[in-house]
Participant: 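Structure below; questions to follow.
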Amino acid sequence: MKHISSRVSSLREIETRKHLDKISKTENVISLGIGEPDFDTPQNIKEAAKRALDEGWTHYTPNAGIPELREAIAEYYTKFYKIEISPENVIVTAGAYEAAYLTFQTLLDKGEIVMVPDPGFLSYWEYPKLAEARATRLSLREENGFQPDPDELLELVTKRTRMIVVNYPNNPTGAVLDEEVAKAIADIAQDYNIYILSDEPYEHFLYDGAKHVPMLKYAPDNTILANSFSKTFAMTGWRLGFTVAPEEIIRDMIKLHAYVIGNVASFVQVAGIAALREEASWKAVEEMRREYAERRNLVLEHLREIPYIKAFEPKGAFYIFANIKDTGMKSEEFAEWLLEKARVVVIPGTAFGSNGEGYIRISYATSKEKLAEAMERMQKSP
Ligand SMILES: Cc1ncc(COP(=O)(O)O)c(C=O)c1O
């Protein structure tokens, strides 16, 4: 007997995985498809986890997370952004994935509408299905620096609109949010009682002097911040993230989280405290950022030599969204062609929504040697 709920059977499989599967099927391939840091977790964080295990951190913790970690997260917002929050505004989650899941489940009712950026991280289209809510497209265009056009956003607002999803530094474009746009989004959200889910896991990877614009600063009562240790500290496998939101929302999120996860692994949470509070981890973050900056410049320089590719110059994250419209090929077709001719994997822009047509996403979360080799192969492909 097999009966799967319509909510779950309507979910799409994560697209990027499909493209990454091709790597294993083709010889001598360089993948620029990966969406996770290639660095190892900083040593001090690993040591903290080992110590925690030896000290007996092997039991349940409070559902919302260890109080000291919630405090460290609150401290962190004061230190970096001068935003005052209290530990009661924080819930520790299994990565930003769970943070987003809790947000959609806690705040959306059947038939309510959420505006989802296109191109964007495709999971945002799937979570609303689980809440029987509806997603509507918020177009991000290259000519606007891949930021929402506030006039267009306003036009999309209806009585049923409950949430806007914002993700900067952005996956897949590498765009960083403009302060003016942040203020405009905040004004609309406040005027029409709309929540903002702001997914900010790439906040520390910024280039050319760009600054992160945290949505919490502009609409603190409307913003649900999803964040993660995954990218910042190269901790994708640890599954550690958090949500910051008004206390009454966090209280309800804790109820749901208690049934789904219970609590994030106790020793992982202890390591999270070390990640946030120890200087060694921040030093490692800055080293990773510098390395990403060099790789980004390397790829951009090479791409400038390829006449049929026009790269959008990213100020954040570790992706380059490149316009391939001059080739006359569709994104999927181009990605297939590149794999065949150059044995280089990139993700077609359409894996991030229909507005991604005509683009490819190149990830530079891989070594300079591999990036240089991949660029040479691309330059040699006719
Ligand atoms: C924009 C965005 N949000 C959330 C996630 C999920 O990250 P985590 O590992 O924290 O669950 C990712 C991972 O690729 C991402 O790119």
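First listed ligand is number 1; within each ligand, the first listed atom is number 1.
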Participant: I need the minimum non-hydrogen distance between Leu371 and Ser363, along with the two atoms involved.
Facilitator: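 Shortest heavy-atom separation between Leu371 and Ser363 comes out as CD2-O, 4.1 Å.
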Participant: Of the protein's non-hydrogen atoms, which lies at the shortest distance from atom 12 (C) of ligand 1, and what is that distance?
Facilitator: Phe121 CZ, 3.4 Å
Participant: For ligand 1 and Thr236, I'd like to know whether there is a polar contact (N/O to N/O, distance under 3.5 Å).
Facilitator: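 Looking only at distances, the answer is no, because the N/O contact criterion of under 3.5 Å is not met.
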Participant: With heavy atoms of Arg239 as the reference, note each atom of ligand 1 found under 4.0 Å away.
Facilitator: 8 (P), 9 (O), 11 (O)
Participant: Tell me whether ligand 1 is touched by Tyr124 - counting only heavy atoms on the residue side and a distance under 4.0 Å.
Facilitator: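 A heavy atom of Tyr124 does come that close to ligand 1.
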Participant: Just going by heavy-atom distances, which of Ala226, Ser230, Ala96, Gly237 is nearest to atom 9 (O) of ligand 1?
Facilitator: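 Heavy atom nearest to atom 9 (O) of ligand 1 belongs to Ser230.
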Participant: Answer with yes or no whether Phe229 contacts ligand 1, where contact means a heavy atom under 4.0 Å from a ligand atom.
Facilitator: no
Participant: Can you list the atoms of ligand 1 that are under 4.0 Å from a heavy atom of Gly95?
Facilitator: 10 (O), 11 (O)
Participant: Parallel, tilted or perpendicular: which fits the ring planes of Phe121 and Tyr124, with parallel below 30° and perpendicular above 60°?
Facilitator: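 Because their plane-to-plane angle is over 60°, the rings of Phe121 and Tyr124 count as perpendicular.
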Participant: So which protein heavy atom does atom 13 (C) of ligand 1 come closest to, and at what separation?
Facilitator: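 Result: Lys231 NZ, 2.9 Å.
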Participant: What is the nearest protein non-hydrogen atom to atom 16 (O) of ligand 1, stated with its residue, atom name and distance?
Facilitator: Tyr202 OH, 2.7 Å
Participant: Is it true that Ser331 and Glu357 share a donor-acceptor pair across their side chains at a distance under 3.5 Å?
Facilitator: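 Yes, Ser331 and Glu357 have a side-chain donor paired with an acceptor closer than 3.5 Å.
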Participant: Establish, from distance only, whether the side-chain atoms of Tyr77 and Asn227 form a donor-acceptor pair under 3.5 Å.
Facilitator: yes
Participant: Need the ligand 1 atom indices (1-based, order shown) with element for anything under 4.0 Å from a heavy-atom of Asn167.
Facilitator: 1 (C)
Participant: Relative to the heavy atoms of Ser228, which atoms of ligand 1 are at a distance of less than 4.0 Å?
Facilitator: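 Answer, ordered by atom number: 8 (P), 10 (O).
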Participant: If we ignore hydrogens and angles and just use 3.5 Å, is the side chain of Asp178 paired with the main-chain N or O of Glu180 as donor and acceptor?
Facilitator: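 A pair under 3.5 Å: no.
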Participant: Looking only at the aromatic ring of each residue, does the gap between the centers of Phe321 and Phe312 stay below 6.0 angstrom?
Facilitator: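 Centroid distance Phe312-Phe321: not below 6.0 Å, so no.
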Participant: Among all protein heavy atoms in this structure, tell me which lies nearest to atom 2 (C) of ligand 1, with the distance rounded to 0.1 Å.
Facilitator: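 The protein heavy atom lying closest is Asp199 OD2, 3.4 Å.
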Participant: Can you name the one residue among Tyr364, Tyr202, Phe146, Tyr207 that meets ring-ring contact (aromatic ring centres under 6.0 Å, His included) with Tyr319?
Facilitator: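 Among Tyr364, Tyr202, Phe146, Tyr207, the one meeting ring-ring contact (aromatic ring centres under 6.0 Å, His included) with Tyr319 is Tyr202.
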Participant: Under 4.0 Å from ligand 1, counting heavy atoms only, is it the side chain of Tyr97, its backbone, both or neither?
Facilitator: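 Under 4.0 Å from ligand 1, Tyr97 contributes backbone and side-chain atoms.
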Participant: With side chains defined as the heavy atoms from C-beta onward, is the minimum distance between Met378 and Ile309 less than 4.5 Å?
Facilitator: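 Yes, at least one pair of side-chain atoms sits under 4.5 Å.
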Participant: Give the C-alpha distance, both sets of side-chain angles, the deciding distance and a yes or no for side-chain contact (heavy atoms from CB on, under 4.5 Å) between Arg296 and Phe318.
Facilitator: CA-CA 8 Å; Arg296 166 188 172 272; Phe318 40 67; over 6 Å; no
